[in-house]
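Report on one structure; see the data block that follows.
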Amino acid sequence: MSNDSRLLLASIHDVSPRFESEVDRLLELVAPYVGGRIAMLVVPNHWGVAPILPGSPFATRLRAWADSGMEIFLHGFFHRDRSDHGGARDRFRARYMTAGEGEFLGLPREAAVRRIADGSSLLEDVIGRRIDGFVAPAWLYGEGALAALVECEIPIAERHASVWSPATGAQLARGPVITWASRTRLRLASSLAAAATLRHMPMKVLRVGVHPPDSGHPALVRSIRKTFAIAASSRRAARYSDLFAAT
Ligand SMILES: [Zn+2]
């Protein structure tokens, strides 16, 4: 029986023409548990080699997902870290925590504003409505990115440990997101262990985020399926925008 006061938020990261078949497999994996309540984290031009072109078949699919009620989040622009990081700590985080994909960690405010504005207008042209929010690649935000989100009045953004509204300043949810990693065997094993623990935790909002490479690892697919089955048995699948009513 589901307890309506506790929520389950699902997201698919790195939605891009580059990963179209992986995204399809993730949708098949997740939709049985949450229906269309899935946040699609879309990369406008992954690594500069996979642009989303208005009028293309992928753009048509993106619009259909939005029309069906899925939330569309801007997820970086290139998803690649192309700036030089100032501090040693930022260098460490960008290099070791993200395999060099912290695109918004070292960006100055103006560059971040431009990239968020360009990405938003591209996606909004395609889907015919406002985007629902922004999630930085690898959840890594520098000071410039945080200021840019406020300036662009982005309604919802998330970190690994929280969800907030840059537009209003409201805190919307706390607690870690369950996610899987497959780059090394150690990270794969530790992400399986973390998921097995976190999916039983009683936090009010449980977020689960999946990535394209997850779909190619049978152990991860099993863990993802089990995590959603357990979470959906005691939680109501919701949209990120539902958090405004829930807080
Ligand atoms: Zn990503």
key: Gap between atom CH2 of Trp164 and atom CD1 of Ile154 - 0.5 Å precision   = 10.5 Å
message = Please check this pair: side chain of Arg187 against backbone of Thr184, looking for a donor-acceptor N/O pair closer than 3.5 Å.
response = no
ask   = Quick one: do the His79 and Asp14 side chains pair a donor with an acceptor below 3.5 Å?
value = yes
request  = Assess whether atom CZ of Arg174 is packed by more than 12 heavy atoms of other residues, nucleotides or ligands within 6.0 Å.
outcome  = no
ask   = With a cut-off of 6.0 Å (strictly less than), are more than 12 heavy atoms of other residues, nucleotides or ligands near CD of Glu124?
value = yes
key: Closest heavy-atom pair and its distance - Ala10, Arg37   = CB-O, 4.0 Å
query = Looking only at atom types and distance, does a side-chain atom of Arg109 sit under 3.5 Å from a main-chain N or O of Gly144, one as donor and one as acceptor?
reply = no
task = For the pair Arg207 (side chain) and Ser11 (backbone), establish whether a donor and an acceptor sit closer than 3.5 Å, ignoring hydrogens and angles.
result = no
note = Output for pair (Leu198 CG, Leu206 CG), nearest 0.5 Å, gives 7.5 Å
request  = Would you indicate whether the side-chain heavy atoms of Pro218 and Arg222 approach each other to under 4.5 Å?
outcome  = yes
ask   = Distance from Leu74 atom CG to Ile116 atom CD1, nearest 0.5 Å?
value = 7.0 Å
Nearest atoms (heavy-atom pairs only) where Met201 meets Arg6 = O-NH1, 3.9 Å
Leu9-Trp180 co-clustered via ILVMFWY side chain contacts under 4.5 Å = yes
query = Do Trp139 and Val150 share a hydrophobic cluster (ILVMFWY, side-chain heavy atoms under 4.5 Å, transitive)?
reply = no
query = What pair of heavy atoms forms the shortest contact from Gly209 to Val177, and how long is it?
reply = N-CG2, 3.9 Å
remark   = Of all heavy-atom pairs linking Pro44 and Gly76, the shortest is CD-O, 3.2 Å
Check: Phe78 main-chain N/O paired with Glu103 side-chain donor or acceptor under 3.5 Å = yes
Heavy-atom closest pair, residues Pro212 and Ser215 = O-OG, 2.8 Å
ask   = Is Val208 reachable from Ile230 through a run of I, L, V, M, F, W or Y residues, each pair having side-chain heavy atoms under 4.5 Å apart?
value = no
ask   = Between atom CE of Met40 and atom CH2 of Trp65, what is the distance when rounded to the nearest 0.5 Å?
value = 4.0 Å
request  = Please check if the side chain of Tyr33 supplies one atom and the backbone of Ser233 the other of a donor-acceptor pair under 3.5 Å.
outcome  = no
query = Side chains of Ile156 and Leu172: does their closest heavy-atom pair fall under 4.5 Å?
reply = yes
task = Could you tell me whether the side chain of Met70 reaches within less than 4.5 Å of the side chain of Leu62, counting heavy atoms only?
result = no
ask   = Mind checking whether Val43 and Leu140 sit in one hydrophobic cluster, side chains of I, L, V, M, F, W, Y counted as touching below 4.5 Å?
value = no
query = Backbone N or O of Glu158 within a donor-acceptor pair of the Ser162 side chain at under 3.5 Å?
reply = no
note = Between Leu146 and Arg159 the two heavy atoms that sit nearest each other are CD2-NH2, 3.7 Å
remark   = To the nearest 0.5 Å, atom CD1 of Ile12 lies from atom CZ of Arg25 at 12.0 Å
task = Side-chain contact test, heavy atoms from C-beta onward, threshold under 4.5 Å: evaluate it for His211 versus Asp214 and give yes or no.
result = yes
ask   = Is there a donor-acceptor pair under 3.5 Å between the side chain of Asp118 and the backbone N or O of Arg115?
value = no
ask   = If only atom types and distance count, is the side chain of Asp132 paired as donor or acceptor with the main-chain N or O of Ile72 below 3.5 Å?
value = yes
Atom CD of Glu153: over 12 foreign heavy atoms under 6.0 Å = no
query = Would you find a donor on one side and an acceptor on the other, under 3.5 Å apart, between the side chain of Asp242 and the backbone of Arg239?
reply = yes
inquiry  = When you measure from the side chain of Ser223 to the backbone of Ala219, do you find a donor-acceptor pair of N or O atoms at a distance under 3.5 Å?
reply    = no
inquiry  = Between Tyr240 and Val135, is there a side-chain heavy-atom distance shorter than 4.5 Å?
reply    = no
query = In the single-linkage hydrophobic clustering (I, L, V, M, F, W, Y; side-chain heavy atoms under 4.5 Å), do Leu26 and Leu192 co-cluster?
reply = yes
Separation of Ser5 OG from Arg236 CZ (nearest 0.5 Å) = 9.0 Å
